[in-house]
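To start, the structure under review is shown below, and the notes come after it.
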Amino acid sequence: LVGSEMCIRDRYMGIYNISIKQRSLYMSSAFEEALESINEQTDGMEDNEVEELLFDQIELGQITPELKKAIEKYSNLHTLSLNQCGLNSLDNFPNLPKLVRLELIENNLKSKDLQVLKTFKDLQSLSIGGNQLKTFDDLEPLKALKQLQQLDLQNTEVAKREKYREQMFEVFPSLVILDNLDKDGKEVEYDDDEEGEDDDEEDDGDDEEEYNEEDDDDEVEKAPSKKQKK
């Protein structure tokens, strides 16, 4: 019996040790993927020129001290996106004094994990839908964000609560957009592409004007003067 128990224990410890090694290798691979993503996004830029970093769908699991240090190098960062990264906590969250927009959609975060966000006083846009947020009390840490204008809590239990929208706009007076809807419940459309098209159209108009001016100049040069006619 004793021998049998020892054999079972040894097998269990062996499986446990393999599991730890596999997890370590997995996290190392995710970290390398994150670093590669940083290199691609910042290629040809000075550190102080980088204003946005996206790590969406990289299965990080957690933010390691190494990743925290790598992100903090970009002191002018104002947008950070960590959607669907399998984050179980916000331990080692980077210190980013100029952060304005943060996305943490579809992770495994709870109310206690939001405590770290209290220090980001200038944060204006926060997307944390698809996390384990169940009650209004779970959102208590966010009350420190006095500049918060946009908040996304879609696909959470708290968003299903009675009088959810009324309470949210009351508790967060600076809030303008909740779950992509304004205070009147109208969907907010983001027209970045349309603005780009308008800019292109304006540029085309400018080009046409320049072209016409050049044509006019050519016509002036070709038209004989009154003296030449004589």
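Sequential numbering from 1 along the given sequence is applied to the chain's residues.
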Determine which pairs satisfy side chain to side chain donor-acceptor pair (under 3.5 Å) with at least one residue from residues 140-149, sequence neighbours left out, and list them in order.
E140-K143
N180 side chain vs V188 backbone, donor-acceptor pair below 3.5 Å
no
One pair to check against side-chain contact (heavy atoms from CB on, under 4.5 Å): T64 and N92. What are the steps and the verdict?
CA-CA 6 Å; T64 63; N92 298 314; 5.6 Å; no
Donor-acceptor pair, side chain of N107 and main chain of L82, under 3.5 angstrom:
yes
Pairwise distance CD(Q124) to CG(L148) - rounded to 0.5 angstrom
9.0 Å
Determine whether a donor-acceptor pair (N or O, by modelled atom type, separation under 3.5 Å) exists between the side chain of D122 and the backbone of K98.
no
What one should report as the nearest heavy-atom pair of F120 and L145 is O-CD2, 3.2 Å
Under 4.5 Å between any side-chain heavy atoms of V100 and T79, yes or no?
no
Which atom of R161 lies closest to which atom of K134, heavy atoms considered
NE-O, 2.8 Å
Closer than 3.5 angstrom, by distance alone: can the side chain of S75 be matched with the main-chain N or O of E72 as a donor-acceptor pair?
no
For the atom pair CG (L60) and SG (C85), what is the distance rounded to the nearest 0.5 Å?
4.5 Å
Considering residues at least two apart in sequence or located in another chain, which fulfil the side-chain contact (heavy atoms from CB on, under 4.5 Å) criterion with D184?
D182, K186
Side-chain touch L178/F172, heavy atoms, less than 4.5 angstrom:
no
Please give me the minimum heavy-atom distance between F31 and L67, naming the atom from each residue.
CE1-N, 3.5 Å
Kindly give the heavy-atom pair with the smallest separation between I58 and A30, and that separation in Å.
CG2-O, 3.8 Å
Same cluster or not: are I105 and L153 linked, directly or through other Ile, Leu, Val, Met, Phe, Trp or Tyr residues, by side-chain heavy atoms under 4.5 angstrom apart?
no
Residues passing the side-chain hydrogen bond (donor to acceptor under 3.5 Å, both in side chains) test with S111, sequence neighbours excluded, are none
If we count only N and O atoms by modelled type, under 3.5 Å, do the side chains of T135 and D137 hold a donor and an acceptor together?
no
Go through the side-chain N and O atoms of N88 and N108 and say whether any donor and acceptor fall under 3.5 Å apart.
yes
May I ask you to decide if S89's main-chain N or O and D113's side chain share a donor-acceptor pair within less than 3.5 Å?
no
Do the side chains of D138 and V158 get nearer than 4.5 Å, heavy atoms only?
no
Nearest-0.5 Å distance, CD of residue Q115 to CZ of residue F93:
14.0 Å
Is L54 reachable from L126 through a run of I, L, V, M, F, W or Y residues, each pair having side-chain heavy atoms under 4.5 Å apart?
no
Tell me if a side-chain donor or acceptor on Q62 pairs with a main-chain N or O of L87 at a distance below 3.5 Å.
no
Would the number of heavy atoms belonging to other residues, nucleotides or ligands and lying under 6.0 Å from CZ of R101 be above 12?
no
Lys/Arg N to Asp/Glu carboxylate O, E66 vs K68, below 4.0 Å:
no
Is any side-chain heavy atom of I177 closer than 4.5 Å to one of L151?
no
If you define the side chain from C-beta out and look only at heavy atoms, does anything of R165 sit under 4.5 Å from L181?
yes
Can you name the side-chain hydrogen bond (donor to acceptor under 3.5 Å, both in side chains) partners of K121, sequence neighbours left out?
none
Would you confirm whether N131, through its side chain, and L109, through its main-chain N or O, come within 3.5 Å as a donor-acceptor pair?
yes
Minimum heavy-atom distance between A34 and F55, given as atom pair plus value:
O-CE2, 3.6 Å
Counting heavy atoms not belonging to E49, are there more than 12 under 6.0 Å from its CD?
yes
Using side-chain heavy atoms (C-beta onward) and a distance below 4.5 Å, is F169 in contact with Y164?
no
Under 3.5 Å, is there a donor-acceptor pair linking the side chains of Q150 and S125?
yes
Would you tell me whether D56 and S81 have side-chain atoms, one donor and one acceptor, within less than 3.5 Å of each other?
yes
Does this structure show an ion pair linking E157 with K160, if we count only N-O contacts that are shorter than 4.0 Å?
yes
Less than 4.5 Å apart, side chain to side chain, heavy atoms only: is that true for L117 and L142?
yes
Going by distance alone, is a donor N or O of one side chain under 3.5 Å from an acceptor N or O of the other, for Q154 and D152?
yes
Who are the side-chain hydrogen bond (donor to acceptor under 3.5 Å, both in side chains) partners of E51, not counting sequence neighbours?
H78
Show your reasoning for whether side-chain contact (heavy atoms from CB on, under 4.5 Å) applies to L114 and L133.
CA-CA 10 Å; L114 303 184; L133 304 169; 3.9 Å; yes
Between S37 and E33, do the side chains contain an N or O donor and an N or O acceptor separated by less than 3.5 Å?
no
Who are the side-chain hydrogen bond (donor to acceptor under 3.5 Å, both in side chains) partners of E106, not counting sequence neighbours?
Q84
Close side-chain approach of L80 and L99, heavy atoms under 4.5 Å
yes
